[in-house]
Amino acid sequence: MAEQTSKQQAPNRDELGAGTPYHPRLGDLALDLAHDGQIGVVVDLPSDTAASYHLRLPGGGGDWRARSDGTTLRPVTVPVTHVTPQQRDVVYDPRADQAALPVTVHHEDGGAFDAVLILTPGQVEQYHRQFEQLIERRDKARGNLL
């Protein structure tokens with residue numbers, strides 16, 4: 001299991017289209033189309049006392065307001081840095097003729113989430129050969145060649 005969940009939730013891509021409202025949470029990064037694509041941190045949400053989103057440049061500085069309906073805002077996803085296999089068994093599904101390898105996806109902001117890497121039989125065979133070569137190279141580098 002991943003120790004953290006991603007700090008920036010990835011939106012469902014089917015839900016976001018041109019003019020589709022995006023309703024970020026406090027602290028989320030949002031891209032504002034009405035502000036030349038500027039990215040800001042949401043520091044205040046629309047409410048009874050605020051008629052719009054209040055955004056601020058990451059790290060401080062320039063503030064601006066965005067429409068309360070969220071139609072000019074878009075999510076900013078956090079880049080993935082790497083993926084690591086989990087210490088769990090791989091599952092083979094004979095009906096789908098594929099293997100499922102549990103992995104953890106790590107983000108630039110320190111967040112992570114659990115996912116599954118789906119592999120075809122050909123990919124499993126290819127990676128098997130590549131891992132055998134890696135093990136041989138490691139053993140040779142360590143002076144452990146049999």
Side-chain angles (χ1 to χ4, degrees), residues 1-138 141-142:
M1 252 336 231
E3 293 182 14
Q4 293 183 356
T5 57
S6 180
K7 294 177 184 172
Q8 183 75 28
Q9 298 295 318
N12 182 341
R13 293 291 174 210
D14 296 334
E15 295 175 2
L16 292 175
T20 303
Y22 168 57
H23 300 287
R25 299 169 301 187
L26 199 60
D28 280 354
L29 291 176
L31 181 140
D32 189 355
L33 298 173
H35 204 259
D36 296 325
Q38 185 69 51
I39 294 174
V41 178
V42 177
V43 295
D44 198 14
L45 302 173
S47 66
D48 294 339
T49 59
S52 58
Y53 285 97
H54 182 180
L55 292 100
R56 179 174 294 142
L57 290 173
D63 291 24
W64 72 95
R65 299 257 175 215
R67 295 175 53 146
S68 63
D69 63 6
T71 55
T72 67
L73 299 178
R74 295 293 178 269
V76 176
T77 57
V78 179
V80 171
T81 57
H82 62 287
V83 177
T84 55
Q86 295 178 5
Q87 297 295 321
R88 295 178 26 210
D89 288 338
V90 175
V91 176
Y92 176 72
D93 181 351
R95 292 174 294 149
D97 196 24
Q98 62 188 21
L101 172 66
V103 297
T104 300
V105 180
H106 302 269
H107 289 272
E108 199 172 77
D109 68 354
F113 69 91
D114 295 341
V116 178
L117 175 63
I118 303 298
L119 300 166
T120 65
Q123 290 169 323
V124 170
E125 291 175 11
Q126 175 188 354
Y127 296 135
H128 174 76
R129 286 190 299 274
Q130 290 176 346
F131 280 119
E132 281 182 331
Q133 292 171 354
L134 283 172
I135 292 168
E136 286 176 13
R137 289 180 192 148
R138 181 201 62 193
R142 291 181 176 174

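Just so it is clear, the values below take in all heavy atoms, side chains as well, and ignore hydrogens, waters and symmetry mates.
Closest approach of Pro102 and Val90 over heavy atoms only: CD-CA, 4.4 Å. The minimum heavy-atom distance linking Pro24 with Ala30 is given by the pair CG-CB, 4.4 Å. Ser68 approaches Ala51 most closely through the heavy-atom pair CB-O, 3.1 Å. The nearest pair of heavy atoms linking Leu26 to Leu45 is N-CD2, 3.9 Å. For the pair Arg74 and Tyr22, the tightest heavy-atom approach, listed with the atom from each and the gap, is C-CD2, 3.5 Å. When all heavy atoms are compared, the tightest approach of Arg65 to Asp44 is NH1-OD2, 4.4 Å.
Once rounded to the nearest 0.5 Å, the distance linking CD of Glu125 with CG of Leu119 reads 11.5 Å. Here the CZ atom belonging to Arg67 is positioned 11.5 Å from the CG atom belonging to Leu33, to the nearest 0.5 angstrom. If you take CG on Leu101 and CZ on Arg88, they are separated by 9.5 Å, rounding to the nearest 0.5 Å. Taking CZ from Phe113 and NE2 from His107, the interatomic distance works out to 4.5 Å, rounded to the nearest 0.5 Å. To the nearest 0.5 Å, atom OG1 of residue Thr104 and atom CD of residue Gln87 are 10.0 Å apart. Within the model, atoms CG of Leu117 and OH of Tyr127 stand 7.0 Å from one another, a figure rounded to the nearest 0.5 Å.
Between Leu29 and Val41 the shortest side-chain heavy-atom distance falls below 4.5 Å.
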Report task. List the steps and the verdict of side-chain contact (heavy atoms from CB on, under 4.5 Å) for Asp97 and Tyr92. Result -> CA-CA 7 Å; Asp97 196 24; Tyr92 176 72; 2.6 Å; yes
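Around atom NE2 of His82, more than 12 heavy atoms belonging to other residues, nucleotides or ligands sit under 6.0 Å away.
Listed for the Asp36 side chain is no donor-acceptor partner under 3.5 Å among the backbone atoms of Gln38. Although no hydrogens or angles enter the test, the distance criterion places a donor-acceptor pair under 3.5 Å between the side chain of Gln86 and the main chain of Val103.
Residue pairs satisfying the salt bridge (charged side-chain N to carboxylate O under 4.0 Å, His left out) criterion with at least one member in residues 46-57, sequence neighbours excluded, are listed as follows: Arg56-Asp63.
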